[in-house]
Amino acid sequence: MLMATLAFGVLAFGAVYPWAYWVVAVASAELGLWAILLGRAWNDWRLWRLAKVLALVGLAIGLQLVPLPPVVFDVVSPEAHRVLAEYEIGYALRQAGWHPATLSVWDTTVALALFVSFALLLVGTVRAMRYENLLTLVSQLTILALIVGLVGIVQRVASTPGETLIYGFWRPQYEGEGFGPFVNRNHFAGWVTMVLPLVAARVIATSEAIGGLGGSFHLTWRRWVASPEAGRAAFGVTVVLVLGAAVVLSGSRSGIGSVGVAMAVLGGFVAWRAGRARTRFALALGLPLALAAVMVWAGYDFAAERFARVPAEIADRVSVWTDTWRIARDFPIAGVGVGAFATAMAVYQTAPRHTLFVQAHNDYLQVLAEGGVLLAIPALVALVLIAQGIWRRFRAREDETARFWLRAGAVAGLTAIAAQSLVEFSLQKPGNTVLFVVLLAVALHRPSRGLDPDAHRL
């Protein structure tokens with residue numbers, strides 16, 4: 001069920017359309033509730049604390065929907081009347097009445113529903129990951145990643161420049177250049193940025209197992225090459241290289257940079273874990289070099305041309321970031337409402353209107369603009385709590401080899417998408433959000449102690 005949700009989320013155009021994201025939301029909520037109930041998640045005080053912090057974030061979003069009396073509304077959102085008068089025809093003629101803090105009730109309601117479904121999924125999967133066979137889950141995810149990467153590569157080779165059709169027939173409804181199953185190449189790169197280090201971590205886990213075979217260097221490697229695990233490692237390496245080539249061919253500059261961040265973080269874990277057993281890490285150290293070589297081979301000229309445009313195109317990003325900061329400054333308490341950024345930007349945008357920026361291209365600024373301190377404070381608390389939980393899991397040293405590396409791969413993917421979120425908004429797409437939640441669960445979960453591994457299979 002979890003893999004079906006992940007696959008649907010990515011293959012259904014990243015779940016950007018309502019018919020797709022409502023399916024993902026319902027499936028996520030059902031999965032989360034099922035795992036919470038069967039896993040008795042309330043018995044884990046750490047998980048209970050995470051659930052309470054997530055509830056505070058949801059409460060902050062919900063408070064934006066509560067109608068406020070005019071006096072309170074003028075204090076909480078002093079610039080709202082001006083913005084709504086410019087945005088809505090006839091608003092200034094209405095009699096002043098109670099109004100919620102959000103500028104768009106429907107958009108904030110949708111955002112709240114999606115947040116609740118993903119919060120339930122997170123709490124449930126963190127608990128369920130204790131019993132889940134992570135190697136099987138990552139193996140299935142590796143196959144899905146190969147499909148997604150090949151769809152993008154074939155599409156790039158077969159399509160006419162400027163005439164990209166998803167799956168050969170679907171034209172995105174909004175402006176932008178699609179890639180793979182996504183309507184935007186940067187969202188494709190965001191998904192790959194998260195999954196690639198997890199697949200690479202699976203390969204690295206096999207390289208550490210080489211050290212347990214015994215014998216001389218040559219005998220050890222000959223034994224390992226003849227083992228089934230070597231075939232799985234070779235498949236994983238192939239998928240990593242395919243994903244790297246796909247990111248380059250997508251032309252996503254943020255994706256290329258984020259993949260570099262992911263591999264750097266994974267390299268840090270390799271250095272930390274290596275100790276004196278350096279031979280068993282030969283495969284792990286060679287993987288980033290092979291990935292870099294394939295990325296250069298796949299499209300060095302194209303990537304270089306894309307990066308050469310940065311000085312000319314950065315003005316638009318600076319403009320939208322400046323406008324977003326103005327929104328955050330004018331709505332400091334409760335923001336304009338989660339999901340209502342496009343409504344505010346219709347008034348605040350200073351860049352030429354041939355393109356309307358409906359996202360800030362910086363998720364951190366957008367959270368501040370949409371939620372104000374009402375949302376920013378609990379969101380920051382949740383971020384700190386999650387970071388502490390991940391650090392606690394590494395310090396506990398309870399993981400066996402494979403689980404350690406999969407946790408490290410998840411952390412590398414989370415770090416990479418956090419870096420991409422400085423200039424993009426991939427996590428606002430539900431197909432990416434589901435994968436993000438799964439990575440969080442892998443990074444946060446506690447290993448089981450003698451419990452039935454098939455008790456609560458997702």
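- Side chain of Gln359 to main chain of Glu424: no donor-acceptor pair is present (N/O by atom type, distance under 3.5 Å, no hydrogens or angles).
- Looking only at side-chain heavy atoms (C-beta outward), Phe235 and Ser139 stay at 4.5 Å or farther from each other.
- Not one N or O on the side chain of Trp48 forms a donor-acceptor pair closer than 3.5 Å with the backbone of Asn43.
- Although no hydrogens or angles enter the test, the distance criterion places no donor-acceptor pair under 3.5 Å between the side chain of Glu398 and the main chain of Pro447.
- With rounding to the nearest 0.5 angstrom, the CZ atom of Phe115 is 9.5 Å from the CG atom of Leu120.
- Taking the ring-ring contact (aromatic ring centres under 6.0 Å, His included) definition, one finds that Phe357 meets it with His361, sequence neighbours left out.
- Across Leu112 and Gly58, no two heavy atoms sit closer than the pair CD1-O, 3.5 Å.
- Annotation: cation-pi pair Arg317/Phe425 absent, no NZ/CZ under 6.0 Å from the ring centroid and within 45° of its normal.
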Would Phe118 and Val434 count as a side-chain contact (heavy atoms from CB on, under 4.5 Å) here? Give the steps. CA-CA 7 Å; Phe118 292 133; Val434 174; 3.5 Å; yes
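- Not a single donor-acceptor pair under 3.5 Å links the side chain of Arg202 to the backbone N or O of Val138.
- Annotation: Trp325, atom CH2; neighbour count of heavy atoms from other residues, nucleotides and ligands within 6.0 Å does not exceed 12.
- Leu134 CG to Glu400 CD: the interatomic distance, rounded to the nearest 0.5 Å, is 8.0 Å.
- Put simply, the side chain of Arg407 gets close to the backbone of Ala443: a donor and an acceptor are under 3.5 Å apart.
- Residues Ala360 and Thr324 share a closest heavy-atom pair of CB-OG1, 3.5 Å.
- Gln64 has its side chain out of reach of Glu370: every pair of non-hydrogen atoms, C-beta onward, lies at least 4.5 Å apart.
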Steps toward side-chain contact (heavy atoms from CB on, under 4.5 Å) verdict (Val148, Trp191): CA-CA 10 Å; Val148 172; Trp191 192 88; 4.0 Å; yes
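- Looking at Asn432, its side chain does come within 3.5 Å of a backbone N or O of Ser426 through a donor-acceptor pair.
- Side-chain contact between Phe341 and Val358: absent, with no pair of heavy atoms (C-beta onward) separated by less than 4.5 Å.
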Take Leu31 and Thr125, measure what side-chain contact (heavy atoms from CB on, under 4.5 Å) needs, and give me the verdict at the end. CA-CA 8 Å; Leu31 269 173; Thr125 49; 6.0 Å; no
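- Residues forming a ring-ring contact (aromatic ring centres under 6.0 Å, His included) with Phe331 (at least two apart in sequence, or on another chain): none.
- Judged by distance alone, with hydrogens and angles left aside, the side-chain atoms of Gln155 form a donor-acceptor pair with the main-chain N or O of Gly180 at under 3.5 Å.
- Residues Leu141 and Leu6 are in side-chain contact: their nearest non-hydrogen atoms beyond the backbone lie under 4.5 Å apart.
- Between Leu122 atom CG and Leu439 atom CG the span is 11.0 Å, to the nearest 0.5 Å.
- Using a 4.5 Å heavy-atom threshold, the side chains of Leu414 and Phe436 count as touching.
- Side chain of Thr108 to backbone of Val338: a donor-acceptor contact under 3.5 angstrom is found.
- Between Val57 and Ala382, the shortest heavy-atom contact is CG2-CB, 4.4 Å.
- Under the 4.5 Å side-chain criterion, counting only non-hydrogen atoms from C-beta, Pro197 is not in contact with Val265.
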Kindly determine whether Leu196 and Met263 satisfy side-chain contact (heavy atoms from CB on, under 4.5 Å), including the steps that lead there. CA-CA 9 Å; Leu196 187 150; Met263 298 311 291; 3.7 Å; yes
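- In this structure the side chain of Ile390 reaches within 4.5 angstrom of the side chain of Leu444, judged on heavy atoms.
- Of all non-hydrogen atoms in Pro70 and Trp98, the two that sit nearest each other are CD-CD1, 3.9 Å.
- Summarising the geometry of Ser252 relative to Asn186, their closest heavy-atom pair is OG-OD1, 2.8 Å, with the distance given to 0.1 Å.
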Please test His187 against Phe179 for ring pair (Phe, Tyr, Trp, His ring centres under 6.0 Å), starting from the C-alpha separation and ending with a verdict. CA-CA 9 Å; His187 304 159; Phe179 193 87; over 10 Å; no
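- Judged purely by atom type and a 3.5 angstrom limit, Ser250 uses its side chain to pair as donor or acceptor with the backbone of Val247.
- Side chain of Thr322 to backbone of Val318: a donor-acceptor contact under 3.5 angstrom is found.
- Scanning for ring-ring contact (aromatic ring centres under 6.0 Å, His included) contacts around Phe73 gives His81, His99, with sequence neighbours left out.
- Using the six-membered ring where Trp is involved, Tyr17 and Phe13 have ring planes that are perpendicular, over 60° apart on the 30 and 60° scheme.
- In terms of heavy-atom proximity, Leu243 sits nearest to Ala145 at CD2-O, 3.4 Å.
- Looking at heavy atoms from C-beta onward, Leu135 lies in side-chain contact with Leu406 at the 4.5 angstrom threshold.
- Taking OG from Ser117 and CH2 from Trp22, the interatomic distance works out to 8.0 Å, rounded to the nearest 0.5 Å.
- The 12-atom threshold is not exceeded at CH2 of Trp106, counting heavy atoms of other residues, nucleotides or ligands nearer than 6.0 Å.
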